Amino acid sequence: MILFSKNAFTAALSLLALAALGQACKDTAATASSKDWWETAQFYQIYPRSFMDSDGDGIGDLNGITSKLEYLKDLGVTAAWLSPIFKSPMVDFGYDISDFFDIQPEYGTLDDFRALIKKANELDLKIILDFVPNHSSNESDWFKKSVKRERGYEDYYVWHDGKINAETGKREPPTNWLQYFRGSAWEWVEERQQYYLHQFAVQQPDLNYRNPDVVAQMKRVLRYWLNEGVAGFRCDALPPLFEVLPDSQGQYPDEVLSGATEDAADRDYLTTTYIENQPETIDMVYQWREVLDDYQRIYGGNSRVLLIETYSPAWFTMQFYGNQSVNGAHLPFNFNLITVMEESPLSAANVKKAIDLWLNNMPAGRTANWVLGNHDKRRAASRYGQQHIDAMNMLIMILPGASVTYQGEELAMTDGEISWQDTVDPWACNSNADIYEKYTRDPARTPFQWTSGTNAGFSTGPTTWLPLAGDYATINVASESAAQRSHLHIYKALVELRKSVKTLQNGYTKYQALTEDVFVVKRSLSGAASIVYVSNFGSKEVTVNLQEFDKTLPASLELLIRSLASTRLEGASLATHELNLLPGEALVLSTE
Ligand SMILES: *[C@@H]1O[C@H](CO)[C@@H](O)[C@H](O)[C@H]1NC(C)=O
Ligand SMILES: *[C@@H]1O[C@H](CO)[C@@H](O)[C@H](O)[C@H]1NC(C)=O
Ligand SMILES: CC(=O)N[C@H]1CO[C@H](CO)[C@@H](O)[C@@H]1O
Ligand SMILES: [Ca+2]
Ligand SMILES: [Ca+2]
C-alpha cells in the first residue's frame, strides 16, 4: 500500500521552504488545495451525561442531544464526538462498558440513536463515537465468562497467578504496577484463583490484546457502529493498550520508582515503562485504520475517521499518524496547548513551545490538530483564565489543521465547585476529602448551560446528576445569543471565517512570540488576503510593531474579530508599526 506519494512532492517542497527561513519564526507549508472533510474540521466533544436531559431524570441523554443538534449546526461545527453512550454500570461514567453493542438505558435506545443519526444527516453534521478499547466493565458477559474460564473466553483478559512472598508465604500481586485511579493495578478473583490487570478502576479489567479473539471482537465493535452510520471513532486511552510480554517463566517485570511523587498510591510514583507506549499499540491503531478504510472502500461515502487520545511523548504519539507505507490515525489528538500550560504559565513563549512541539515533530504530509480541553481536564476558561478564552478559541481556529472544542468552551463555561460529599468521579473517590481536588474530574463535567432558568435549561427535573456551575446565570447559550457581543458570537465568527477563507484552510503558517506576552500568527496564500492573529497574554497594556514579525505586512490591517473585552470596532484599520493591545486583548486581522 503506497498512500503517501500524493503528498511526497509538497512535503519535499515544504522542507526546502523551511530550510530557507531564518530562526526567528517558523513557516510550515500547506499541502495542495483539496482537503478531505476532517482536515479542516471543527470537532465538538459532547459529554452526553451533561449535555441535555430530555426526560427530567437529571441525566443527559440521546434524545436531549438530538433536540440540540440545531445548536451545533448553528455553531457551524463539522462533527460531534460523543463520549461513551454504551451500556455501562457507570463506575467511570461510561468508560466502563458492559455491552459494546448496546446503548445505556439511561441514555436511550438503539432507535433513539438511529433517530439522532438521521437528524444529524439531515443537518449535514457528522457523528463520531468513543471507542474504548483498553478495557470493559467487570460486569460485561465477556468478563463473567472469563472468570469462569468458559471456552473461548479464558484469555480475554490479562490473568496471572501472582507470586508467593518467600518471607511471609503469602500470595501477592504479580508486579507493583499501579492503576491510573490510585492503588494496585491487580485485583484478586477468588472464583478463578487469579489476579486480573486493570490499568484503570477495579471495575475496568484490561482486555488481552495478545489474544486474536479479542482483536477480532473489537474490530466487530467498529464495524457494528459503522453500520449504524457513524463518521468514525475517537479512540480512548491508547497508552496502556498493550503491556510488555512476560518472560519465559510467565513473569512480568516490576516498574521502578520515578521520583515524581512520595504518594505510593499515585500512578506517577512508578515509571510506566512496561505498561504504556508499547510498539504493538501503534500497530493495532494501523489495523483499526484498515478496518475504516476497508469499510469506505466497500460501502462508499465520506472518509470514516480515527481520532486518538494519547498523552504520550512526541516520539510515540507521532507514530500513530502512520509510517511511510501504512496509514494510522487521521488525527492523534494534540494536547500540547493543555499540557504545556499545565506545567508553565500562559505566555507567548509557552504557546509557541506547545505549537513547535507538534509542528516540528509531525511527519510530513500529515494534518495538525489543536485541542483545548476535555472532560478530564479543568475547563479551558478556568485553566487559561476567562479573559483569554477568546484568544485560545481564535488560536485553534487560526492554526493549520483541525480543531477540537469541548462542550462549553464556546461559552467560556468555567468549572463547577463540587464538594467532597457531591464527588462521584472514581479517581477522586479513591482518594480522600483532603486531597480529592487534585484528582477530581467532576468540575469540568457539570451540566451544560443553556439558559439562566431552572437547572440552566439542562433538565426539568428536581436535581441534576452533578450540581450546576455557579456562573450559569450569565454564562449560557440564551444570554450569549441575545447579547450583542459574547464569547459565543466570537466563536461562531471564527468557525465561519475558517470555513469561508481558503487562506485558513490551505495557507502557509508563520508564528512568533513577539514579546514575552504577545503571540502572533500569520496565515498566507498566494493571490489571497493574509490573516494575522495577535494576542496579548499578559496583564499589562503593550504596544508592538508587527513589522518586526513580518516586514511584508502592509502599513495597516483590517480588524475582523476581536476578543470580548477589546474596545475596538470591527472593520477598523489598525497601523501595523504601532499596535496597542490591552491586557488579554486578542485580534484577528486581514491584509485586505
Ligand atoms: C466488579 O467489581 C466490583 C468491585 O471490586 C465488585 O464489587 C463486583 O462484584 C464485581 N462484579 C463482577 C461481576 O465481578
Ligand atoms: C510500518 O508499520 C507496519 C505495521 O506496523 C510495519 O510492518 C512496517 O514495517 C512499518 N514500515 C516502516 C517503513 O516503518
Ligand atoms: C479524555 C478521555 O476520554 N478520558 C478518559 C480516558 O480513559 C479513561 C478510562 O477509560 C477515562 O476515565 C477518561 O475519562
Ligand atoms: Ca435523561
Ligand atoms: Ca491494557
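Every number for a ligand or one of its atoms is a count from 1 in the order of the listing. Small disclaimer: the values here were computed from a predicted structure and weren't measured.
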Engineer: Number the atoms of ligand 2 from 1 as they appear, then name those within less than 4.0 Å of a heavy atom of D283, with their elements.
Structural biologist: 4 (C), 5 (O)
Engineer: Is the Lys NZ or Arg CZ of K219 less than 6.0 Å from the centre of W288's six-membered ring, within 45° of the axis?
Structural biologist: no
Engineer: Please confirm if an N, O or S atom belonging to E106, backbone or side chain, lies less than 3.0 Å from the Ca ion (ligand 4).
Structural biologist: no
Engineer: Under 3.5 Å between any N/O of Q324 and any N/O of ligand 2: does that happen in this structure?
Structural biologist: no
Engineer: Determine whether the aromatic ring centres of Y439 and Y436 lie less than 6.0 Å apart.
Structural biologist: no
Engineer: Please state which protein non-hydrogen atom is closest to atom 10 (C) of ligand 2 and give its distance, to 0.1 Å?
Structural biologist: N323 ND2, 2.4 Å
Engineer: Quick check on ring pair (Phe, Tyr, Trp, His ring centres under 6.0 Å): which of Y295, F101, F113 does W225 satisfy it with?
Structural biologist: F113
Engineer: Is there an N/O/S atom in I59 that lies less than 3.0 Å from the Ca ion (ligand 4)?
Structural biologist: yes
Engineer: Should one rank D141, V202, N138 by closest heavy-atom distance to atom 1 (C) of ligand 1, which comes out on top?
Structural biologist: N138
Engineer: Quick one: OG on S88 to CE on M90, what's the gap to the nearest 0.5 Å?
Structural biologist: 4.0 Å
Engineer: In terms of atom number and element, which parts of ligand 1 are under 4.0 angstrom from non-hydrogen atoms of E139?
Structural biologist: 10 (C), 11 (N), 12 (C), 13 (C)
Engineer: For the residue pair R49 and W465, would you count it as a cation-pi contact if the rule is NZ or CZ under 6.0 angstrom from the ring centre and within 45 degrees of the ring axis?
Structural biologist: yes
Engineer: Do I103 and T109 have side-chain heavy atoms sitting under 4.5 Å apart?
Structural biologist: no
Engineer: Heavy-atom contacts with Y286 under 4.0 Å: which atoms of ligand 2 show up? List them by number with element.
Structural biologist: 2 (O), 4 (C), 5 (O)
Engineer: Under 4.0 Å between a Lys/Arg side-chain N and an Asp/Glu carboxylate O for R210 and E243?
Structural biologist: no
Engineer: State whether any protein heavy atom lies less than 4.0 Å from atom 5 (O) of ligand 2.
Structural biologist: yes
Engineer: Looking at K145, K148, K144, R149, which one forms a salt bridge (charged side-chain N to carboxylate O under 4.0 Å, His left out) with E191?
Structural biologist: K148
Engineer: Does the protein put a heavy atom under 4.0 Å from atom 14 (O) of ligand 2?
Structural biologist: yes
Engineer: Below 4.0 angstrom, N of the basic side chain to O of the carboxylate: do K438 and D266 qualify?
Structural biologist: yes
Engineer: If you stand at the Ca ion (ligand 4) and look out to OD1 of D55 and OD1 of D53, what angle do those two lines make, to 10°?
Structural biologist: 70°
Engineer: Check whether the ring centres of W142 and Y157 lie less than 6.0 Å apart, and answer yes or no.
Structural biologist: no
Engineer: Pull out every atom of ligand 2 sitting under 4.0 Å from any heavy atom of S325, numbered as shown with elements.
Structural biologist: 11 (N)
Engineer: Check D61 and report its N/O/S atom nearest to the Ca ion (ligand 4), by atom name.
Structural biologist: OD2
Engineer: For the Ca ion (ligand 4), find the closest N/O/S atom belonging to D57 and write down its atom name.
Structural biologist: OD1
Engineer: With only distance considered, is Y196 within less than 3.5 Å of ligand 1 through an N or O on each side?
Structural biologist: no
